[in-house]
> 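Pasting in a structure now, in structure tokens, and then I'll have a few things to ask.
Chain identifiers are assigned alphabetically (A, B, ...) following the order of the sequence lines, protein sequences preceding nucleic acid strands; residue numbering begins at 1 within each chain. Values in this document were obtained by computation on a predicted structure and should not be read as measured data.
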Amino acid sequence: MSKNLDMEILASLCKRRGFIFQSSELYGGINGFWDYGPLGSELKRNIRDAWWKSVVRAREDVVGLDASIIMHPDIWKASGHADGFADPMVDCKVCRKRFRADQLCAEQGLELLKTAAGFALPDGAACPACGARDLTPPRSFNLMFKTFIGPVEDDSSSAWLRPETAQAIFAQFNNILATSRQKVPFGVAQMGKSFRNEINPRNYTFRSREFEQMELEFFIRPDEAIALICGQVTTLADEPDLAGKPQASWGWEVWHRYWVEQRLAWYRAIGLPAEDLHQHWQTGNELAHYARACVDIEYAFPFGVQELEGIAARSDFDLCQHQKRSGKPLDVFDEALKQAADKLDVAAKEAFAEKVVAEWTGRGKSAEDARAFVTKLYEGKFVPHVIEPSAGTDRLALALLCNAYDEETLTDDKGKTDQRTVMRFHPAIAPIKLGVFPLVKNKPELYAKAREIFAKLQRRWNCFWDESGAIGRRYRRMDEAGTPWGVTVDFQTLEDGTMTLRDRDSMAQVRLTLPQLIEKLDDEIG
RNA sequence: GCGGGCAUAGCUCAAUGGUAGAGCUCUAGCCUUCCAAGCUAGCUAUACGGGUUCGAUUCCCGUUGCCCGCUCCA
């Protein structure tokens with residue numbers, strides 16, 4: 001269904017019904033920014049609520065954070081964002097290939113010039129691919145939006161809008177640990193706006209410059225600590241029960257897979273079909289240097305299979321980076337670890353240390369670092385490792401819109417055909433849960449009864465009152481908004497209190513009393 | 001960032017170097033006992049800026065935005 005959907009058709013419906021508008025449309029629009037209208041804002045709110053409920057409230061081991069968007073610039077220096085993509089780039093105007101200006105110059109025995117405005121190419125620089133001496137001036141491609149704090153716009157007051165929400169979790173790790181009464185393993189969740197100055201926003205809202213993320217940093221013990229505490233580390237080879245309760249012996253590999261399964265189950269629960277959800281396990285070159293594993297959860301969008309969420313096993317990289325830059329310790333004390341370590345004699349400790357050194361050096365780390373790590377372990381201390389499921393709220397909203405969109409041709413009793421557009425949202429995320437209608441509006445008694453029922457239902461769910469036009473038209477309007485049910489109050493309601501509940505997907509109708517109706521909807525909305 | 005295409009009402013489309021039109025939607029009213037029914041009335045548009053011209057929505061230039069391909073996506 002979604003694979004054949006023309007994105008322009010969807011964008012048109014989204015505008016017509018008030019899901020998504022182009023930002024600043026009144027002034028001609030602004031590339032890479034989008035606004036959510038009356039229905040879209042409800043949809044997004046429902047997505048956020050469902051995520052928060054699933055990741056934070058339904059669990060005992062995850063707490064929340066709501067951090068500021070602008071943070072100390074050193075955070076982005078520690079995280080690598082400030083340097084990671086700040087390389088000056090040049091494009092060859094002839095063959096259109098792109099190169100890093102500094103590398104290009106070095107290869108040709110030249111030196112990249114620094115100017116007041118940034119960088120400039122020295123004379124003689126040529127395209128390494130085609131040899132043409134027709135290169136664009138070097139441009140810095142840092143994807144972070146820059147801004148200034150306070151009244152003076154100079155380097156000392158510059159700051160960035162966050163390119164991801166996650167770093168605040170690391171920066172506040174100590175405070176959260178001290179106040180949340182959690183201990184490793186536990187997680188910190190955050191959702192909110194992030195900003196990336198994408199070179200080329202594309203595919204409707206898919207790649208935007210301002211977007212919303214739902215991120216979890218789930219902190220776990222390093223495998224070496226688990227080995228000391230549990231005597232062994234459970235790996236995937238042990239075929240652990242990932243659907244069951246997490247176990248103390250789980251190593252990072254199991255935790256990582258556990259979160260992949262958790263997240264996939266959630267996507268299915270809010271209505272994305274399993275066959276449209278894909279997993280892309282990053283391999284060797286694709287993995288960032290600090291990541292041990294990373295899975296992209298992808299959705300089959302009409303414009304291709306694209307990432308909704310990345311779930312990375314990031315080891316202790318982030319906390320270590322911040323520890324280094326800030327000079328403040330970000331390790332935890334683990335009573336169970338200390339007790340386990342205290343039970344070992346000197347020989348056992350040395351044997352364990354040798355094993356860790358061998359493993360670490362095998363992974364390209366220094367024996368010195370390995371020894372320092374083990375020494376800390378024996379004191380019951382370590383820097384937690386982390387599993388990071390990081391999802392895009394707007395991307396998910398787009399996936400849900402694509403998935404919901406359907407057109408069907410109806411044939412009535414007289415053989416007349418008619419086209420129906422219907423957004424088949426899961427009830428949990430549908431912007432409006434229920435349309436409430438008086439069958440006719442010119443019968444005061446009936447009208448009053450319908451208003452009374454509407455008032456009662458409105459207290460529970462987002463309901464929509466509609467009294468205008470024929471009843472069929474009102475049903476169809478709700479279909480395009482993706483409202484799962486319509487309730488019609490008719491003359492029989494006045495006699496026996498029952499009303500018609502019309503189902504969006506099947507168009508089937510049943511008569512129910514108010515309590516029956518409430519029970520049914522409670523059940524299905526969840 | 002490069003190349004190509006496009007830009008008229010909320011949506012889909014028409015027309016024109018000289019008053020911009022339709023269907024659907026929407027609003028109000030009438031009617032209406034369950035799937036976009038009917039009647040009446042109404043709102044709403046030439047993306048923005050400049051040029052040519054007596055006059056530009058139409059021709060030209062620029063900008064912005066959207067779509068497609070490439071590129072990019074730490």
> Base, sugar-phosphate alone, or nothing: which one does A:Q22 contact when heavy atoms must sit under 4.0 Å apart?
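It contacts sugar-phosphate atoms only.
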> Roughly, in whole Å, what's the span from CG in A:N197 to C1' in B:C72?
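About 12 Å, once rounded to whole Å.
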> Ion pair present between A:R314 and A:D318, side-chain N to carboxylate O less than 4.0 angstrom?
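Result for this pair is yes, salt bridge flagged.
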> Expressed in whole Å, how much space separates the C1' atoms belonging to B:U44 and B:A20?
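Pairwise C1' distance, B:U44 against B:A20, rounds to 13 Å.
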> Compute the ring centroids of A:W76 and A:F145, then answer whether they are less than 6.0 Å apart.
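Aromatic pair excluded; centres sit 6.0 Å or further apart.
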> With a 3.5 Å limit on both atom pairs, tell me what B:G38 is paired to, counting Watson-Crick and G-U wobble, or say none.
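Pair assignment: B:G38 / B:C30.
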> Check every atom of B:A36, B:G10, B:C67 against the side chain of A:E8 and return the nucleotide holding the closest atom.
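Selected nucleotide: B:C67.
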> Does the pair A:E480/A:R476 count as a salt bridge with the N-to-O cut at 4.0 Å?
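No, A:E480 and A:R476 are not salt-bridged.
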> Is there a side-chain polar atom (N or O) of A:N442 under 4.0 Å from OP1 or OP2 of B:U32?
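Indeed, a polar side-chain atom of A:N442 lies that close.
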> Looking at B:C34, does its base get a donor-acceptor pair with the side chain of A:R502 below 3.5 Å?
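When only heavy-atom distances are counted, A:R502 does not reach the base of B:C34 through any donor-acceptor pair under 3.5 Å.
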> Taking the six-membered ring for Trp, are the ring centroids of A:F303 and A:Y204 within less than 6.0 Å of each other?
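Centroid separation for A:F303 and A:Y204: 6.0 Å or greater.
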> Keeping the roles fixed (side chain from A:R474, backbone from A:G486), state whether a donor-acceptor pair exists under 3.5 Å.
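Side chain of A:R474 to backbone of A:G486, a donor-acceptor pair under 3.5 Å: no, none is there.
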> Please compare A:S468 and A:Y290 by the position of their nearest nucleotide in RNA chain B and report the one closer to 5'.
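Looking at the nearest nucleotide for each, A:S468 comes out on the 5' side.
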> Polar pairs (N or O, both sides) under 3.5 Å between protein and nucleotides 48-51 of chain B?
none

> Does B:U12 have a Watson-Crick or wobble mate here (both distances under 3.5 Å), and if so which one?
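Per the H-bond distance test, B:A22.
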> Counting side-chain heavy atoms from CB outward, which of B:C35, B:A37, B:C34 is closest to A:L439?
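Of the options given, the side chain of A:L439 lies nearest B:C34.
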> If each of A:G469 and A:M507 is mapped to the nucleotide of RNA chain B with the nearest heavy atom, which maps nearer the 5' terminus, i.e. the 5' end?
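So the residue in question is A:G469.
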> Applying a 4.0 Å non-hydrogen cut-off, can you work out what A:S12 is touching in the nucleic acid: base, sugar-phosphate, or nothing?
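Sugar-phosphate contact only - A:S12 comes under 4.0 Å of backbone atoms but never of a base.
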> Using a 4.0 Å heavy-atom cut-off, does A:E467 contact any base of the nucleic acid, only the sugar-phosphate backbone, or nothing at all?
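Result for A:E467 = nothing.
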> With respect to the phosphate group of B:U33, does any side-chain polar atom (N or O) of A:Q492 fall under 4.0 Å of OP1 or OP2?
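Checking B:U33 against A:Q492, no side-chain N or O comes under 4.0 Å of OP1 or OP2.
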> Just the rounded figure in Å: distance from P of B:C34 to CG of A:L512.
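From A:L512 CG to B:C34 P: 19 Å.
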> With side-chain contact (heavy atoms from CB on, under 4.5 Å) as the test, would you mind laying out the steps for A:N203 and A:F301 before giving the verdict?
CA-CA 10 Å; A:N203 290 326; A:F301 284 97; over 6 Å; no
> Round to a whole Å and report the spacing from CZ of A:R476 to C1' of B:C34.
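Atom CZ in A:R476 sits about 12 Å away from atom C1' in B:C34.
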> Measure CZ/A:R314 against C1'/B:A74 and give the value in whole Å, please.
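Those two atoms, CZ and C1', are 11 Å apart.
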> Could you state the atom-to-atom distance from CD1 of A:I20 to C1' of B:C66 in whole Å?
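Between C1' of B:C66 and CD1 of A:I20: 15 Å.
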> Can you tell me the base-pairing partner of B:G69? Count Watson-Crick or G-U wobble geometry only, both distances below 3.5 Å, and say none if there is no partner.
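The base-pairing partner of B:G69, which may sit in any strand shown, is B:C2.
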> Taking only side-chain nitrogens and oxygens of A:R202, does any of them come within less than 4.0 Å of OP1 or OP2 of B:U71?
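No, because none of the side-chain N or O atoms of A:R202 sits under 4.0 Å from OP1 or OP2 of B:U71.
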> Side-chain N or O of A:R473 versus OP1/OP2 of B:A37: is the shortest distance under 4.0 Å?
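Checking B:A37 against A:R473, a side-chain N or O does come within under 4.0 Å of OP1 or OP2.
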> Passes side-chain contact (heavy atoms from CB on, under 4.5 Å), A:F218 versus A:H256? Steps please.
CA-CA 9 Å; A:F218 196 84; A:H256 181 243; over 6 Å; no
> CG of A:L446 versus P of B:U33: gap in Å, rounded?
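Value for this atom pair: 10 Å.
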> Using purine N1 to pyrimidine N3 plus N6-O4 or O6-N4 for Watson-Crick, or N1-O2 and O6-N3 for G-U wobble, both under 3.5 Å, which nucleotide pairs with B:U63?
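Across all strands, the one nucleotide that pairs with B:U63 is B:A47.
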> May I ask you to say what A:Q509 touches in the nucleic acid, namely base, sugar-phosphate or nothing, with a heavy-atom cut-off under 4.0 Å?
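Base: the residue A:Q509, judged by heavy atoms under 4.0 Å, touches a nucleobase.
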> Examine A:Y299 together with A:Y267 and report whether their ring centres are nearer than 6.0 Å.
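Centroid distance A:Y299-A:Y267: not below 6.0 Å, so no.
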> Between B:A74 atom P and A:D296 atom CG, what is the distance in whole Å?
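So the CG-P distance, A:D296 to B:A74, works out to 10 Å.
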> Please state whether the phosphate of B:U32, meaning OP1 or OP2, lies under 4.0 angstrom from any side-chain nitrogen or oxygen of A:K441.
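No, because none of the side-chain N or O atoms of A:K441 sits under 4.0 Å from OP1 or OP2 of B:U32.
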> Taking atom P in both B:A7 and B:U46, what distance in whole Å separates the two?
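Going atom to atom, P in each nucleotide, I get 15 Å.
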> Can A:E217 and A:F173 be said to form a side-chain contact (heavy atoms from CB on, under 4.5 Å), step by step?
CA-CA 10 Å; A:E217 300 297 338; A:F173 179 76; over 6 Å; no
> Please classify the nucleic acid contact of A:R196 as base, sugar-phosphate, or nothing, using heavy-atom distances under 4.0 Å.
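If one applies the 4.0 Å heavy-atom cut-off, A:R196 turns out to touch a base.
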> Just to confirm, is there a sub-4.0 Å distance from OP1 or OP2 of B:C26 to any side-chain nitrogen or oxygen of A:R477?
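Indeed, a polar side-chain atom of A:R477 lies that close.
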> Counting side-chain heavy atoms from C-beta on, which of B:C68, B:G10, B:U33 comes nearest to A:F491?
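Nucleotide nearest to A:F491's side chain: B:U33.
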